[in-house]
Amino acid sequence: MAPSSDQSNDHLVHSSDPHHPANLICELCRKFYTLGWVTGTGGGTSIRQHDHLFIAPSGVQKELMEPTDMFVMDFHSREYLRRPPNLKPSACTPLFYAAFSKRGAGCCIHTHSQWAVLATLLVEREFGANACFEIERIEQIKGIPKRRGEDGKRLRVPIIENTAREEDLTESLEAAMEKYPDTYAVLVRRHGIYVWGDNVHRAKTQCESLDYIFQLAVEMKKLGLPWT
Ligand SMILES: CSC[C@@H](O)[C@@H](O)C(=O)COP(=O)(O)O
Ligand SMILES: [Zn+2]
């Protein structure tokens, strides 16, 4: 039997370059852990470099990962070029793939931030299950690319309902991407958020801006201040 090439492609994740995706995912997740975004194995990050998608393992402590833990998938065939033994790829993989394939993203971040979760609960209570998160006239909105034809004063983030299995979110995430073609993020009720960007820098700063806004929105609600 031919040797399994998917396990031996270690060169795909070995690099002394701190900007190599396998190194970056580990470093980012360590940072995100301190923000409460990827604690208890939840959340994660995936990066596309050319035709290679770098994907973390499932169910592991995301802040303790090493570059050699990374899966590498071919973008076109969706086959794994590298598959670390005894690990499964993140359950978020089809959702990350949607950001890469439908939005041309270079990086997608999934967080379980409590601010994002609280925002989904407040929207449901105040505006109903079909409403988006909407807020306006906050400076940090400028940290998120504005919608075509809009002045950028109002931010709108769609919300999808959670499912028992992460993979089953894919259909509704893709539907939200279709319905809101300018959005860079989709909230998941009682769960967290998916945020993507053209590259790692943009995905990270957009995720930070959104998290800042969700925290602010929760505090505003507590003070009785309107979002719009
Ligand atoms: C705390 S378990 C969280 C998982 O069910 C899922 O929501 C998640 O975000 C991470 O999935 P994973 O497969 O570990 O990458
Ligand atoms: Zn999750």
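Every number for a ligand or one of its atoms is a count from 1 in the order of the listing. Scope of the values below: all heavy atoms of this structure, side chains included, with no hydrogens, waters or symmetry mates.
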How about Glu171: does its CD atom have over 12 heavy atoms from other parts shown lying under 6.0 Å from it?
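12 or below, so no.
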With a cut-off of 6.0 Å (strictly less than), are more than 12 heavy atoms of other residues, nucleotides or ligands near OH of Tyr180?
yes
Using a plain distance cutoff, I'd like to know if Ala91 has any nitrogen or oxygen under 3.5 Å from a nitrogen or oxygen of ligand 1.
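Yes: some nitrogen or oxygen of Ala91 is under 3.5 Å from one in ligand 1.
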Is there a nitrogen or oxygen of Gly59 sitting under 3.5 Å from a nitrogen or oxygen of ligand 1?
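There is such a contact, yes.
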Would you tabulate the side-chain donor-acceptor contacts of residues 106-114 under 3.5 Å, counting partners in other chains and residues two or more places apart, or write 'none'?
from	atom 1	to	atom 2	distance (Å)
His110	ND1	Ile193	O	3.0
His110	NE2	His112	NE2	3.2
His110	NE2	Glu166	OE2	3.0
His110	NE2	His191	NE2	3.2
Thr111	OG1	Ser113	N	3.1
His112	NE2	His191	NE2	3.0
Ser113	OG	Trp115	N	3.1
Ser113	OG	Ala116	N	3.4
Ser113	OG	Asp211	OD1	2.5

Does Trp196 have its ring centroid less than 6.0 Å away from the ring centroid of Phe100?
no
What do you reckon, are the aromatic ring centroids of Tyr97 and Phe75 less than 6.0 Å apart?
yes
Between the side chains of Glu126 and Lys221, is the shortest nitrogen-to-carboxylate-oxygen separation below 4.0 Å, so that they form an ion pair?
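Judged by the 4.0 Å cut-off on N to carboxylate O distance, Lys221 and Glu126 do form a salt bridge.
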Salt bridge check, Glu161 against Arg189: does any charged N sit closer than 4.0 Å to a carboxylate O?
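Salt bridge present between Arg189 and Glu161.
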Around [atom], find the nearest protein heavy atom and jot down its residue, atom name and distance.
{"atom": "atom 11 (O) of ligand 1", "answer": "Cys92 SG, 3.9 Å"}
{"atom": "atom 2 (S) of ligand 1", "answer": "Thr41 OG1, 3.9 Å"}
{"atom": "atom 5 (O) of ligand 1", "answer": "Glu166 OE1, 4.0 Å"}
{"atom": "atom 1 (C) of ligand 1", "answer": "Gly40 O, 3.4 Å"}
{"atom": "atom 15 (O) of ligand 1", "answer": "Ser90 OG, 2.7 Å"}

Measure from atom 13 (O) of ligand 1 to every heavy atom in Ser58, Ala164, Gly192 and give the option owning the shortest one.
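Nearest option to atom 13 (O) of ligand 1, by heavy atoms: Ser58.
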Pro57 backbone acceptor or donor facing Ser90 side chain under 3.5 Å
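No: the side chain of Ser90 does not pair with the backbone of Pro57.
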Between Asn199 and Arg202, is there a donor-acceptor pair closer than 3.5 Å when you use the side chain of the first and the backbone of the second?
yes
Can you list the ligand 1 atoms lying under 4.0 Å from a non-hydrogen atom of Gly43?
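Atoms satisfying the 4.0 Å criterion: 8 (C), 9 (O), 10 (C).
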In ligand 1, which numbered atoms sit nearer than 4.0 Å to a non-hydrogen atom of His110?
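Going through ligand 1 atom by atom, the ones under 4.0 Å from His110 are 9 (O).
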Return the set of protein N, O or S atoms whose distance to the Zn ion (ligand 2) is under 2.8 Å, each given as residue and atom.
His110 NE2, His112 NE2, His191 NE2
May I ask you to check if Arg103 and Tyr184 form a cation-pi contact, with NZ or CZ under 6.0 angstrom from the six-membered ring centre and within 45° of the axis?
no
Using a 6.0 Å distance limit plus a 45 degree cone around the ring axis, check whether Arg82 lies over the aromatic ring of Phe71.
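The answer is no; the distance or angle limit is not met.
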Can Lys222 and Glu219 be said to form a salt bridge (Lys or Arg N to Asp or Glu O under 4.0 Å), step by step?
CA-CA 5 Å; Lys222 283 199 241 169; Glu219 297 298 333; 3.3 Å; yes
Proximity of His112 to ligand 1 by residue part, where a heavy atom lies under 4.0 Å
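Near ligand 1, His112 shows its side chain, while the N, CA, C and O stay back.
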Of all the heavy atoms in His191, does at least one lie under 4.0 Å from an atom in ligand 1?
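His191 counts as a contact of ligand 1 under the 4.0 Å cut-off.
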